Q: 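Just dropping this structure here.
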Amino acid sequence: MTVSQRQGPSRVDRAPQGDLAQVIDLILDKGLVIDVFVKVSLVGIELVTIDARIVVASVDTYLRFAEATNRLDLHQKGGKDLGQVVGGLTEGVTQGGAKGKTKGMIEAGKEKFDDLRDERRSRKEREA
Amino acid sequence: MSTATYIYAVVGAEVELPEGLAPVGGGDEVAIIDHGRLGAVVSDLARDRPLGGRDDLIAHERVVNTLARATTVLPMRFGGVVENDTAVVDELLGDHHDYFVWALEQLDGCRQFVLHGRYDQDELVSSILAADAEIRELSDSVRDADPDATYYERIRLGEAISVHVDRIRAADAGFARERLEPFAVAVAPKDPAEEDSALELALLVHRDRLADFEQAVDALGDEWDGRVRLRLIGPVAPYDFLPEPTGES
């Protein structure tokens, strides 16, 4: 099967990763599942991801609503910045008030990663 | 402070870590523990800290997918924490060495992409109205009527439209798969998440076919211009294509 050469810019959006809900879909449901594919003794660290999943799913909905209201220009009425609302909500519910910056996390995720690498293999060397 | 070892992924032995990876849970650094032909990508994690906030999830995802852009990885599911580095070697890499090596070979040179498609809802609904006279009549009958009085009619209208949407979606998913499958090592359809989702397709693509694959995606985007907006995410780690242990390996 051949694909004909196309003209002009692509009509397909490209992104290194999906929005938060899609990310969570991947990393909570998929991947090598310890204790299913492979057996290791897990340390009992409290996991709060179930809450996170619910909240994050809603957050993405809120963001879409926000996008819609943006289009309608309601933004100019001057409410609280959405980033703060969403960040506060997520952190508050999932971490029981634990501090945590959400600022720029999604944006940061979109940054191109440069290819700089170093030689470290730190942990092994340190303990050898 | 008592720490445990958080595991992100298993990689081949010669892999170099990209610079500047931020660990989950505010640990010092992301590092690699070597064992045999494998490496485990890990960081320290405080034991008394709950895990799973938004920052943690994003940190995990960034580490794994940054690695995935550079090399072949077996991503761990979020939240894999073991006692210490010795446990990583003894229980994870040691006990499953041959399976991991085999799985890395299976996925060698391959990257996962996820293709999302979203309908232009106006276009979609207009096309359904144009195709179905009964729906047109129903739509006309409720248009200027009192919403409360036409409650059940409106439900009937929405339901009739959604039957069409399901049919169109199935056809589009089949069409996209047909167009892209020749360029993929494997394809895994996922359930569309939302009402205006047209498509959600995970694809495993070998780097030798990457240019052809992207061209085919662009061609699909052209063909569906105005109808379906496509979004290609990746490359990400091959979450949807991890080979299951066969028992022998």
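Residue numbers begin at 1 in each chain, while the letters A, B, ... track the order of the sequences. Treat the numbers as computed from the prediction; the structure is a model and nothing was measured.
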Q: Below 4.5 Å from any heavy atom of chain A, which atoms of B/P235 appear? Answer side chain, backbone, both or neither.
A: backbone
Q: At a heavy-atom separation under 4.5 Å, does B/F100 approach chain A through its side chain, its backbone, both, or neither?
A: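 It is the side chain, since no backbone atom gets that close.
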Q: Measure the spacing between CG of A/D13 and CZ of B/R229 and express it to the nearest 0.5 Å.
A: 4.0 Å
Q: Minimum heavy-atom separation for B/G221 and A/R11, please, with both atom names.
A: O-CD, 4.0 Å
Q: Any non-hydrogen side-chain atom of A/V12 less than 4.5 Å from a side-chain atom of B/R231?
A: no
Q: Is it true that B/D218 and A/R14 have a side-chain N and a carboxylate O under 4.0 angstrom from each other?
A: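 Yes, B/D218 and A/R14 are salt-bridged.
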Q: Side chains of A/S10 and B/E214: closer than 4.5 Å at any heavy-atom pair?
A: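 Side chain of A/S10 against side chain of B/E214, heavy atoms only: no contact under 4.5 Å found.
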Q: Which atoms of B/V82 come close to chain A, meaning under 4.5 Å heavy atom to heavy atom: side chain ones, backbone ones, both, or neither?
A: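 Answer is both: backbone and side chain atoms of B/V82 are under 4.5 Å from chain A.
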Q: State, with a plain yes or no, whether a side-chain heavy atom of B/L57 is found less than 4.5 Å away from one of A/I27.
A: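 The answer is yes; the side chains approach within 4.5 Å.
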